[in-house]
Every structure is written in C-alpha cells, then in structure tokens.
Amino acid sequence: MTTNGIFSFARAAFVAAIVATQGIAGTTDAIEAPVLEVTAGQVPDQTFSLSVQDLRDIAVRNIVTSTIWTEGVHEFTGVPLYALLQHLNVTGSTIQAVALNDYAVSIPLSDARTGGAIVAFAIDGQPIPRREKGPLWIIYPFDQSPEYRTETVYSRSIWQLNRLNIIE
Amino acid sequence: MSQLPRYPRLFLFLKNWVFLPLVVLCLPLLVLLGQEVYRDLKLLRSADTDTVQWTLSQVEIEYLDFLLTLERNTDPIDSDLSVVRKDFDILYSRVGILGNGKLFASTREIAGFLHAITELQEFLDQTTGVMDGPDSILQAAIPELLTQTDALRPQVRSLFIQGLAQFARQSDDNRSRVFTTLTELAIVSVTILIGLGVLFLYSLLANTQTRQRGRALARANAHMQTILSTTHEAIIVADTKGNVVDLNAAAETTFGYSLAVAKGQSIGALIVPPNQQDAHRKGLAHMVRTGEKKFVGKGRVQLDAVRADGSHVPVEMALQSAKTEDGEVIIGFLRDISHQLESETQLRRARDQALAGEKAKANFLAVMSHEIRTPLNGLLGNLTLISKTELDADQTTFTQNMEISGRQLMHHVNSILDIAKFESGKTAVTHSVFHLGHFLQEIVDSQSGHAGHNQTTIEWEWLGSGLAWVKADQTILEQILLNLVGNAIKFTHAGRVSIEVERLTPHDGDCNVELRIIDSGIGISEEDQVRIFEDFETCDSTYTRDSGGTGLGLGIARRMVQLLGGKIGVESTPGEGSVFWLRLPFLPVAEPANSGKEEKIKAADRSLSILVAEDIETNAFVARRLLERDGHTVTIAKDGLSAVARARAELFDVILMDISMPGMDGLQATQEIRNAPPPFCDIPILAFSANVLPEQTDHFRASGMDGFIGKPLQLPELRRALQAVLEKSLSINAAPPENPQPDSVDETATMAQDLLDQSEYDTFLGRFLAEGDALLAELAQDPLMTLGLESIAAKCHQIRSTASLFGASDFATSLGHIETAAKHEDTVVSLVEIAKLSDVWAATRKALDPNRTSAPVAE
C-alpha cells in the first residue's frame, strides 16, 4: 500500500509536468464551452445552452461571503439568478437546479430577486474548477443575513450546477 | 390612620426589601437569558446538522460512485474516461468540504476523523496528476486506482461514523444547553411572576387602604362640617392679612353677616368696635411684620364685638393658626357670652343679697336678744326685790314660778345668741395648756351639787393610761362637757353619771382621745338619736316641758365639737341610759414650768428706780404699792408724753409702760425714749398691758420694748422680770400668764386687798364699782349708736385692768371679749358679749359688795 502510494505519487508528479501546457491551452475552451443548460417547461423543446462567457455577458455581480463548505471569506462572481431568467425570458414558479452528480433541489422563483442568489462562475477572480465545486455554484449572500444561513438555503446552494429546469 | 395593621407592615417590609430588589435583580437576568435564548434559537434556525449528515452520507455515496465508475471503465474498449474524471471531481469537491469546510472544523479535531480525511485527501491529490493526464495513462492507471480506492473503504466508513457521532454529540450538547437556558429562563420568569404577583397583591391592599383612608377622611370631613355648621360657637377663618376666608352658620347668626357678604372683607371692619380698630390694625400689622402671634393659641380672651346692626356683643375669643394649601390662616373661635355675663351678674347680685340677708339676720338676732335681755333682767331683778318683801304663801309660789320662767327665758335667749355667734363664723379656737385630769375633776365637782338634787352620783375616770397636760381650747371644751353632763344629770333620777376618758389607738384622724358621758337615765329612742344634734330638736314634748330646753344645746355642742375638729355621737337604749361620746384632738404637752406650786421668787437684790407709765389711777397705785413693798423707788407718769419727759430727764433702772394710754400710747412713748440721747435711750422698757394675745408680744418687741408683764400685776412675774433686768437677760415673755380661776371673784388673788389698807381698798373698790355700773348703764342704751365700737373697746379696756386688781376675772374676761370684738368691728359678737356682761357684772358686784366683805387680810 505504502509502496503503491509512493509510486503513484511519483508518477502523478511526472504526469502533471507533462500535461501542464495542455491545461493552460484548455482555458479558453473552458470559457467558450457550454456549462449550463436551461429548460423552460412552458415551451417543451426550448432549451438554452450557455457558456461562462454567455453568463458573464448577461450581468455580473460579486458576493463576498464565507460558506460552510469552504474556509475563510471569498469573493464570488456570478450572474444574478433573476437577471439570468429575465435574459432568457422564461417564467415559472419553481426553479429546479440539478448538479453534476444529479443532485436536484427546488428553488422558489422568489429567490431570484435583486440582492438574492447568483449563479457564481468565479471565486476570488478565478474560474471555479469542477474539482473545486465548479464550474457553476449557486451562492446566496450568507454572511449578510441569518435568513440565508438556514438549512433550506444551504440545500439550495447547489454546486457543480449544470442544469436549471424552470417549472410552471 | 398612620397606624397600619400588623400584616401590611410586614408586607411593606417584604415589598421594599424582598420583592422589589428581586424583580430589579431578575430583570437584567431576564434580558441576558432572553439574549441567550434568541442566540440559541438563531442557531437552531440556522442549524447545519442536516447538511452535515447529508455531506457525510454523500461522501460515501460519491466514493462508491467513483469506485463503481472505475470498475466499469477497467476495460479500455468501452471505457468512458470523462465519467471517471467527473466522478473524481465530484468526490474531490466533496472531500474538500470535509477537509477545509467551516462546517467540519470541530469534527476535524477528532484524531480518527482527521487521519481518515488526510489519507483520503492524499490519495485524491496523488491522483489528480493521472486524472489530468492523457487518456492512455489514465486508462492504464485505472486498475491501480481501483485497488487504491477500494483500499480506502474503511477510512471512508470511519469518516462517516465518526462524523455522525460527533455531530450527534454536538446536537445533544446544543439541546441540553438550550434546555438549561430555557429552564433558567423559566425560573427567572416564574420568580418575576411571583414578585409581580406579590406586588400586585400589595398594590391591591394599598389601594384598599388608600380608599379606606379616603373614606375615613371624607367621614371626618363630613363630621367636621356638621360640627362647624351646628356648633353655637362662631368660627371665622381669616388669612394673615385679616380678611375673612370662611365663617360658619353660628358666626352668621352671631354677627349678622352672611358668608357671601363677609368673604374677603377685613375682619376688623366687620366685628371690631370702632374704638378698638386702631389697636386691632396695629396688632395685625405687627403680626404680619414679625410673624409673632400674640393671641394665637394663648387661650380665651374676653372682648367686645360689633354686629352688623351696630349693637355690641361681649365675646370670648380663642385664636388658632393653621397651615393650608393657600398659606397660613387664623381661625377665630368666638362665643357670645352675653347670657353668661348676665347670669354671672345675677348670681353675684343674688349672692350679695343672700349675704346681706344673712348679716341682717345675725344682726337682728343679736340686737333682738339684747333688747329682750335688758328688760328681762329688769323683770328678774324686780322679782328678786319682790321676793324679799313680805309675801304670803301663794305669792311666794307665784314669784318663784315667775323667776323660774324668767331664768328659762334668759337661758333660751342666751342659747340663741350662741347660735348667732356660731353662724357669724366668728368663734375662734384659742388653745391653752391645761391638765386634763384637773379640768375634768373641776367639771365633776361643779356639777356634783346639781346631780345631788336628783339623787344622782357623778364621777370620772381614765380607761387605760391617761394624758396629763394637753393643749386644747379649754373654754369650748368646758362648754361642751357642761352641756352634755348637764343633760345627763337632767335626764337621770337616782342614778349615776360617769365620764370615761380613753386614749384612742389608733387615732381617729386627728382625734386621739374619746370622752364618754354615760348616764343611767331614761335613754333616747332610736329615731330621736338621729335628730337630737339638729337645731331646735328635743326628744319628746312631755319631757321637754318637764325639763325645759330650747333644743339648741346639742346643736351648739355639735358645732363646737366640729369647730375643734372632733366628732360627737350618741348610743342609747330607752329606759336604760345613754352614752354621748366625743372624739377630740388633744395635743399632749410637757408640764409647763410655772404650773405647779408657784415657786417663791425673791425680791430683787437691790433697790431699783422704776418709772411706771400708767393712766389708770387704781392700777398705778397698786403697782406703786407692790414695787415699794419690794424696796424699789417708783415714779408714776399718767400718760405717754409725761413718761417720755421723765425718762429723758432722769435715769431710771427700768420703765414699766402701759400700752393703751390717752394721747401718746405706750408704743409711741417707747419709740420716743429710744430716740433720746444716750444713756436715756438704753433703759429697759417692759410692756405692761392687759393685752395678752401672743401675736402682740412680737409687736411690742418690734416697737423697741424689752419685755412684757401682763395685767393684773402679779408678784412672781414682776419679780422675775425685774431680776432679768438686773441680770441684763431680758426677753419678751412669750407665754402670757394662765387665766385665773373661772370664779367670778378670785378670793385668793385679790391683789388690791393684799396691797391696800381698808380705807384705800374701799375707796378704789367704790370707784371700780361706780365705773362698772356706769359702763353697764352706757352699754345698756344702744351702745353701738351712742358710743360706737371704738369707744366701747376703750372703755372696756380701761375697766378691765382695774377689774383684775380686784380679782374679778370673769368680768375682766368678758370685757376682754368685748374689747377684742369691738376692735375687730364685729358687731354681732360685740353685742352678744355685751348682752352677757350684765349677768357677769351682777355676779361680780355681788361678790365684791363691800357690805359682805370681811375685814382686810392683814399684811
């Protein structure tokens, strides 16, 4: 096990050195690549596919807060949820948010308001890698009010978000 | 009102010292606890334990997902490496939460948990290189990764179990902390609740008390209003400027102003009479200026006030001040006292009338008695004369009857006179020292003849130890005893009368001796016993007629006993006899120095030159004889002036100075002599007077006299005084000589007989008798009108000293009484004594009648 561990560690370091250039080249692709799929229930086939750049083009808002999942205070940058829905011109009562691991949670449309949740795509000015709960993460201004530090709000703060279903 | 009942006082204590501090202390506690509860609630609201459980379980699920994905993609042909990468990233993100998330900060302190997460993180970090590498390398590494991942199962498991246990513990702690906080909150709340409850109860109680007090106050107010409106006393309330603030109904009726009219007006203008308004204004101004209230609270003063109609009304006023909300007020209580003053005047008039009536009655009695006695004496005298003529048997009987009736009438009049004297309140008690045994023996002796007539024996005896010398009013006592003994003899035939004397132990008040007059006579019925001491009461008519009596005797006796401070009473059985008892105060005294057999005092050793100032020839003559017989040289001065002249011209050894002399009296003369140049002023002067009242000796001394010799002159006293002059040890003789024996003429002490030869004696006696007759004649003719009291006193005094010389002591005593009464301007007593005088004079005259007097005793 220990022998395996040391071996693996050495090999991993080696591999990492090799792929370093590839990683940097892939950054632009990551911005252009679609990361979020939005479906609206009232129009059956209507599906929007949005990249980080698309989201950044809609609106940008920063929230500086701590979270229960991270250590310390961070600056999250993202598109406000209401701006996103307004931009896509979809209506409904509930937003069903789904994560990569198919974790799904219902967010009432009322959370999509000014000063409310954002769909964050950057932390401390850097894109959020998938390994660090990215690329998209619904963030509430937790530190701003105890209202945002409830079990319900935490459950809605879905990370590794990749799909929003707007339900009638 | 201020006295609270016992339990609310305790309550007050509890309120002030227990409940209030409790509540005050509890309040901040409550705030603190409230904050704590709020914090806990907030914690509960934002609780993240569910997220924890979710994350923990999700770690295991995502670990298994990754493991499953690795297994599925072992075969390079149908492998999908992007899924492998995705599940790796998901697991990596999840483990990142456990390793760095704030949520698990406390859990990471558990060594096992930290160890597991570190191993897991190490594996993931090693694997990132492979994951981010090319597909071929990843594909090749999958079997190896699968093995390594599978080996991590126990760590993942323990991560889940330990994390869960920790969060369970934490949530237990949270719950118990919340529970404790809530319990504390409950305790504090209950305490406050109880405190508030108690305070509420107290406030209820206090409220009840306040309401009760309010009611009591209202009641008291109502009472006060009733009193103020119904009292007859006018009450006016004024401010300190003297303006009326309020007045009651009585004030309205008394002064005739209604409240509406009077309010705000000056009290001075309303009720103070015009002539006193100045004084009122000044007084008020003074009070306003100095704040000093002259009359306030100083009791009642009597004033004149004016009514609305201008009439005056006398009032009695009292002022009090009181503090009110509107400042100080003066409350005047005024009572209309016109009725009171009127009744006082009437009472005074009635009293004056009653007194005048009393006096008129006493005067009338005295005058009438006197007017009756004078003709009665005439009748009796003439009866005596008739009885000495030749009468037949019937005539003798008639005259005897007439004489008996006459004497009875005289006795009655005398009794009435005694009563009158008592009623006038002028009877004085004069104490003298005497031997009680001797005194009683004399009573018995004097009454034994009287008793013998009734074949009755009379005797006296001490029961137990007796008293010898006593101080008491001998004269009054004698009158009482003679009355009682006389009665006993009168009502006892062929029986026995005895006087028992006994000392009282213990004393009955001041009374220390009881005298019982016991007879074996007819006795007194029980109903009579109660009234015999009343005036004009006699036992039964038959008997009264038999024995004769006014019914005043016991009444007088009772008055006399009371006068002496004693008691009198009777016990009797009809048919067997009576006992009259007296309880009297007798002051036991030592035997007086000069009481026994008179010591023989020798004449002075040497011859003295003596000046005798004496206006009455007889007295001067006797004095000269007496002194010359002892070998002294005597010079006589007939009045004060000549006495002074002689005393300034010649150096005498001693001067005997009569007090009452015409022109300059003895006292003035003494002062003149004392003012003379030495050596004349230093001559001893002895007062020489019949005035033997003890208080007068002080007067003599004050006037400059050295000693006192009583009249009539008595040899032992004279010799003693002269001896004292020789020895220069003169002093005022405090004790005047004892009264001589109460015989009408003292045979043994007739100094005149002793000193004068027959012819001289006859001459002086004749002169004395003539003077006496003349006095009696003058006193018989309405003496108050013709002579006047002063003149009566002077005449009595003049004859009195001569009377003593001839041993007519009774007459002298009677004259002395008249003199004293006249000097005190006591008409009633004077008249009474004058009325008695003729009897005494008759007896004296009889005794001194020269026809009956034997040859003078040889010197």
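Just so it is clear: chains get the letters A, B, ... in the order the sequence lines come, proteins before strands, and each one is counted from 1. The figures that follow rest on heavy atoms only: side chains count, while hydrogens, waters and symmetry mates do not.
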Enumerate donor-acceptor pairs with a distance under 3.5 Å from any side-chain N or O in residues 182-198 of chain B to protein atoms, sequence neighbours excluded.
unit_1, atom_1, unit_2, atom_2, d
T183(B), OG1, F179(B), O, 2.6
S189(B), OG, L185(B), O, 2.6
T191(B), OG1, I187(B), O, 2.7

Heavy-atom donor-acceptor pair, Y63(B) side chain to R153(B) backbone, under 3.5 Å: yes

Passing option when L136(A) is tested against L50(A), L55(A), I128(A) for side chain to side chain contact (heavy atoms under 4.5 Å, CB included): L55(A)

Closest heavy-atom pair and its distance - G163(B), L56(B): C-CD1, 3.5 Å

Proximity of residues 94-107 of chain A to chain B, residues having a non-hydrogen atom under 4.5 angstrom: L100(A), N101(A), Y103(A)

Main-chain N/O of L36(A) paired with N162(A) side-chain donor or acceptor, under 3.5 Å: no

Donor-acceptor contact present, side-chain N100(B) to main-chain T70(A), <3.5 Å: no

Winner by heavy-atom pair count (cut-off under 4.5 Å) against chain B, out of E71(A), Q160(A), E132(A), R130(A): R130(A)

Whether S93(B) side chain and R131(A) backbone form a donor-acceptor pair below 3.5 Å: yes

Per-residue contact mode, F88(B) against chain A (heavy atom under 4.5 angstrom): side chain

Side-chain donor/acceptor of R149(A) to backbone N/O of F142(A), under 3.5 Å: yes

D143(A): partners by salt bridge (Lys or Arg N to Asp or Glu O under 4.0 Å), with sequence neighbours left out: none

T147(B) side-chain N/O to P143(B) backbone N/O, donor-acceptor pair under 3.5 Å: yes

Contact origin within T67(A) toward chain B - heavy atom pairs under 4.5 Å: backbone

Heavy-atom contacts under 4.5 Å, residues 109-118 of chain A to chain B: none

D54(A) side-chain N/O to S51(A) backbone N/O, donor-acceptor pair under 3.5 Å: yes

